[in-house]
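Below, chain A is the first sequence line, B the second, and so on; all start at residue 1.
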There are 2 protein chains.
Amino acid sequence: MQNSEALALTAALLAAAGDLTRRINDGVEARGFEGRPAYGFAFTRLARGGATVTELATHLGVTKQAASQLVDELVRKGYVERRPHPEDARARLIVLTERGWECTRAAEEAAADAVRAWVEVLGEGDVRLLYDRLVRIAPYGPLRPAW
Amino acid sequence: MQNSEALALTAALLAAAGDLTRRINDGVEARGFEGRPAYGFAFTRLARGGATVTELATHLGVTKQAASQLVDELVRKGYVERRPHPEDARARLIVLTERGWECTRAAEEAAADAVRAWVEVLGEGDVRLLYDRLVRIAPYGPLRPAW
DNA sequence: ACGATTTGGTCAAGCTACTTGACCATGACC
DNA sequence: GGTCATGGTCAAGTAGCTTGACCAAATCGT
């Protein structure tokens, strides 16, 4: 593989990721929610029983201060609540509200719509293969804003 | 494909793209250049005979003001020059300096190194296939910062 | 059991990379 | 040749992160 192709591969990845996130965000807004792409990724972490600010920060690949500010935003918009943590009095458990669950489902639907567009071009098998390969490359890396 | 998988696919794309850009940027800095990831993508556009600020803006998916600021930065660091445009007195042609070419090559090498790590995991064929599929999905979309 | 250190969280301030808005100079179009 | 479009810059504003300081609760060492 030539050097110039390696940069092109990176560009293609970024373009694809940007395309998807934009479509999803548009879809979420079209369903009556206001937000930014980071919400969706926060939701995927919160959906499994809630999370602490620090856990969220790790998941998103930002400082805990930034995660805390994001949570402020989500609280203000009614998507999550800060509850006392059942096992650690220092920590707070961030959990989705009913509206938060609705927004999560909206994001999943929008994502499914966007991916469906890809499936029409590549076919189900290739999209699944793409996913499989990507997971093997960057299994659980933080979701940093990309460039 | 289930809804939740669609979001996971997006996350995987972002993680992979973020991983690559980080590795490349580290590699470029290790080779003695200072910069940020956007430089590399600007260089790929400038490498083919230069470009105007507006063309660069389109390529990167930002406003022309933002592109102009990026060019300021690149000029300050000695990577590019603003020349009068040979065919349009309003425009300026942004071209790489010798140091700009060196940095471009460094970015390509770093990208090749990063991709090589992927090839070791997936094999050359799968990486090439990945690239092929990505290009078919998001052929020439702008390279927006991803989330 | 108790002082020292670590960990979870927030407050405050600062910065980077973008945006929008205003503007000028040149080119394109009847 | 006047009108509008296009390329570029200057200026100001903003979003979303960062670093640094700090407090309270938990954990560790002795």
What string of B, S and - do you get for nucleotides 22-30 of chain C, 5' to 3', when a contact is any protein heavy atom under 4.0 Å?
---BBS---

A:H85 atom NE2 is separated from D:dA24 atom C1', nearest whole Å, by 16 Å

Could you tell me whether A:T54 contacts a base, only the sugar-phosphate backbone, or nothing, with contacts defined as non-hydrogen atoms closer than 4.0 Å?
sugar-phosphate

Taking only side-chain N and O atoms of B:R92, does any of them lie within less than 4.0 angstrom of OP1 or OP2 on D:dT9?
yes

Start with the C-alpha gap between A:W118 and B:R133, add the side-chain angles, then the distance that decides, and say whether side chain to side chain contact (heavy atoms under 4.5 Å, CB included) holds.
CA-CA 10 Å; A:W118 285 16; B:R133 296 302 183 273; over 6 Å; no

Could you work out how much the helix from C:dA1-D:dT30 to C:dC30-D:dG1 bends, comparing the axis of its first five pairs with that of its last five, to 10°?
30°

Quick one: does B:Q69 reach the base of C:dT19 with a side-chain donor-acceptor pair under 3.5 Å?
yes

Identify whether any heavy atom of B:T52 sits under 4.0 Å from a base atom; if not, whether one sits that close to sugar-phosphate; answer base, sugar-phosphate or nothing.
sugar-phosphate

Any heavy-atom pair between the side chains of B:R82 and B:V71 that's under 4.5 Å?
yes

Stepwise side chain to side chain contact (heavy atoms under 4.5 Å, CB included) check, A:R22 with A:D26
CA-CA 6 Å; A:R22 189 186 44 74; A:D26 289 353; 3.6 Å; yes

In plain terms, say whether A:R128 and A:E124 are close enough for a salt bridge, that is, a side-chain N and a carboxylate O under 4.0 Å apart.
yes

Shortest non-hydrogen pair, A:A91 vs A:T52, comes out as CB-CG2, 4.2 Å

May I have the distance from A:R36 (atom CZ) to D:dG16 (atom C1'), rounded to whole angstrom?
6 Å

Take A:E87 and A:R92 through the test salt bridge (charged side-chain N to carboxylate O under 4.0 Å, His left out) and record every step on the way to the result.
CA-CA 10 Å; A:E87 292 158 11; A:R92 306 213 205 173; over 6 Å; no

Atom pair distance, as rounded to whole Å: CG in A:L56 and P in C:dG8
14 Å

Does a side-chain heavy-atom distance below 4.5 Å link B:P37 with B:I24?
no

Which atom pairs link the protein and nucleotides 2-4 of chain D when you take only N or O atoms and keep those under 3.5 Å?
none

Tell me, please, which residues at least two apart from B:D113 pass salt bridge (charged side-chain N to carboxylate O under 4.0 Å, His left out).
B:R31, B:R116

To the nearest 0.5 Å, atom OH of B:Y131 lies from atom CG of A:L13 at 10.5 Å

Value in whole Å for how far the P atom of D:dT9 lies from CZ of B:R76:
13 Å

Can you tell me how far P of D:dG8 sits from CG of B:L74, to the nearest Å?
15 Å

Find the distance B:N25:CG to C:dT16:P and express it as a whole number of Å.
15 Å

Set of side chain to side chain donor-acceptor pair (under 3.5 Å) partners for A:R99, sequence neighbours left out
none

Please figure out whether B:D72 or A:E73 has its closest DNA chain D nucleotide nearer the 5' end.
B:D72

For residues 39-51 of chain A, run the donor-acceptor check on the side chains, cut-off 3.5 Å, and write out each pair with its distance to 0.1 Å, sequence neighbours left out.
unit_1, atom_1, unit_2, atom_2, d
A:Y39, OH, A:E73, OE2, 2.6
A:Y39, OH, A:K77, NZ, 2.9
A:T44, OG1, A:F41, O, 2.7

Phosphate-side-chain proximity, A:S68 and C:dT10, N/O vs OP1/OP2 below 4.0 Å:
yes

On DNA chain C, compare the nucleotides closest to A:I94 and B:A66; which residue's is nearer the 5' end?
A:I94

Gap between atoms CG and C1', on B:L93 and D:dG7 respectively (whole Å):
13 Å

Gap between atoms CG and C1', on B:L70 and C:dT19 respectively (whole Å):
15 Å

Heavy atoms of A:L134 and B:A16 approach each other most closely as CD2-CB, 3.8 Å

